[in-house]
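Basis for what follows: all heavy atoms, side chains included, without hydrogens, waters or symmetry-related copies. Proteins get letters first, then strands, A, B, ... in listed order; numbering begins at 1 in each.
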Protein chains: 2
Amino acid sequence: MENQQDKKSQIIRSGLELINEHGFHGCPISQVAKKAGVAAGTIYTYFESKEEMIQGIFQDVIQKQHREVTSKDDPNLPFKERFFSFWDNLLEFYSENPDIQGFLEQFLKSPYNSEELQAKHPEWFQWTQNFYLDGIKEGAIKDLNPIILKILVNESAQSLAKVKKNFAQKLERNQVDLSSYPYLIWDAIKAN
Amino acid sequence: MENQQDKKSQIIRSGLELINEHGFHGCPISQVAKKAGVAAGTIYTYFESKEEMIQGIFQDVIQKQHREVTSKDDPNLPFKERFFSFWDNLLEFYSENPDIQGFLEQFLKSPYNSEELQAKHPEWFQWTQNFYLDGIKEGAIKDLNPIILKILVNESAQSLAKVKKNFAQKLERNQVDLSSYPYLIWDAIKAN
DNA sequence: ATAGAGTGAATGAACGTTCAATCATAATCA
DNA sequence: TGATTATGATTGAACGTTCATTCACTCTAT
């Protein structure tokens, strides 16, 4: 039923909001339920436990990110253009979905995250891997293990998104212009 | 009394261990006390609440990091050398203190962290700021707002330390050599 | 009539915090 | 010196709260 999907989505949305705002501490099942407009017990028809709910949220969020970012990539463009487009798309995605950004920020650094869990989402991992392999084949970027490139670029994007969201005042006060950031990253990975 | 300082240190050490291993969830006061070899109530002679304890741990950890890293810096060397030395020192510090690395990783991304709290530790902030200003004055790195440089370098160091600690197996399996990482970062910030 | 989604009060475990009692040490006095 | 008192750290059982989870029941759609 679409009604059922709606409920599950509502629960995920509530969890995202609460975790972004108050961290894992501040998202008791009771509140998730309240915000989602369902009873506490209902959550257990969609998830076996709170832990599974949080992992379900991660799954949902990674899929969304994958869909959003890959759909906007054009493999026929020169890699440099693809890179800057990738960067912009990722940051736009985070800026339009601050709850997702906040959730990922905390989840990825938490003990919830693990090698095994990441291995459950091969699409995103594979796609980024191939993305950088394309760049290497084209001779546009350094011939390094794509895992290193992935770490550098994706973690930097996360860092920048975090800073933009959480330290807005400080940036304003110090008149920091972050637009140069992707160029720095490009300088790091481009072939020399 | 030195005995009192010992107890406080023990409490901090226990908190660090538990948070690194199980996250903020997995460090109830009862366990912190047990691991530190004190009674639960004792913690409240050193900290007013659990929240203050965690912020106290942060304070302690930032001071240690500041002392460790700055003491090994030689401002008379060319900036390029200072940069690679800074990088090595920071990563060595994290690798020798995995509890600190794990704590910072989670704390910095958690709602515990805030602009106000960071402002309470101006030594570290000031020092890194001046470090990059030195590099700019020398003409060794790009003339950017030092805040951007700090974000890029420090967050990258955090990322690398995290990956080294948490994804050891994956790196092994894929024969990833991370030694090129600081050179990528240098390419990102060096003057062109 | 049936099946399954939805409910929310009930449950018991776990948590942070408190505090009366205990202990160790230092200070004071005879 | 030895006895007595004062000080403040330390203890851990007890308290009140909050939490995840359960389940007997109701509702809804077929």
Per the salt bridge (Lys or Arg N to Asp or Glu O under 4.0 Å) rule, what does the pair list look like for residues 158-171 of chain A, sequence neighbours excluded?
A:Lys162-B:Glu155
Please state whether the phosphate of D:dT11, meaning OP1 or OP2, lies under 4.0 angstrom from any side-chain nitrogen or oxygen of B:Thr42.
yes
B:Leu18 has an atom CG; how far is it from atom C1' of C:dC15, in whole Å?
15 Å
Just how far, in rounded Å, is P of D:dA20 from OH of A:Tyr46?
19 Å
Just grab all the ring pair (Phe, Tyr, Trp, His ring centres under 6.0 Å) pairs involving residues 156-183 of chain B, residues at least two apart or on different chains.
B:Phe84-B:Tyr183
I'd like to know if the side chain of A:Asn113 reaches the main chain of A:Lys109, judged simply by a donor and an acceptor atom lying under 3.5 Å from each other, with no hydrogens or angles considered.
no
Rounded to whole angstroms, how far apart are CZ on A:Phe47 and P on D:dA20?
14 Å
For the side chain of B:Thr128 and the backbone of B:Trp124, is there at least one donor-acceptor N/O pair under 3.5 Å apart?
yes
Give me, pair by pair, the N or O atoms of the protein and of nucleotides 22-25 of chain D that are less than 3.5 Å apart, along with how far apart they are.
none

Which whole-number value in Å describes the distance from B:His25 NE2 to D:dC19 P?
12 Å
List, one per line, each side-chain donor-acceptor pair under 3.5 Å for residues 133-141 of chain A, sequence neighbours excluded.
| residue | atom | partner | partner atom | Å |
| --- | --- | --- | --- | --- |
| A:Asp134 | OD2 | A:Arg82 | NH1 | 3.1 |
| A:Glu138 | OE1 | A:Phe79 | N | 3.1 |
| A:Glu138 | OE2 | A:Phe79 | N | 3.0 |

Candidates C:dT7, D:dT10, D:dT21 - which lies nearest the side chain of A:Val38
C:dT7
Using whole Å, report how far NZ of B:Lys8 lies from P of D:dA9.
13 Å
Would you kindly give the NE2-to-C1' distance between B:His22 and C:dA14, to the nearest whole Å?
16 Å
Give me each pair satisfying salt bridge (Lys or Arg N to Asp or Glu O under 4.0 Å) with a member in residues 17-29 of chain B, each pair once, sequence neighbours excluded.
B:Glu17-B:Lys35
Using a cut-off of less than 4.0 Å, is there contact between a side-chain N or O of A:Lys7 and OP1 or OP2 of C:dG6?
yes
Over how many whole Å does the gap from A:Glu52 atom CD to D:dA20 atom C1' extend?
14 Å
Close approaches to DNA chain D from residues 28-37 of chain A, in residue order (heavy atom, under 4.0 Å):
A:Pro28, A:Ile29
Polar side-chain atom of B:Gln106 near backbone of B:Ile19 as donor-acceptor pair, under 3.5 Å
yes
Other residues, nucleotides and ligands only: do more than 12 of their heavy atoms fall within 6.0 Å of NZ on B:Lys72?
yes
Near-ring test B:Tyr112/B:Phe58, centroid separation under 6.0 angstrom:
no
Atom-pair distance (CD1 on A:Ile11; P on C:dA5), nearest Å
12 Å
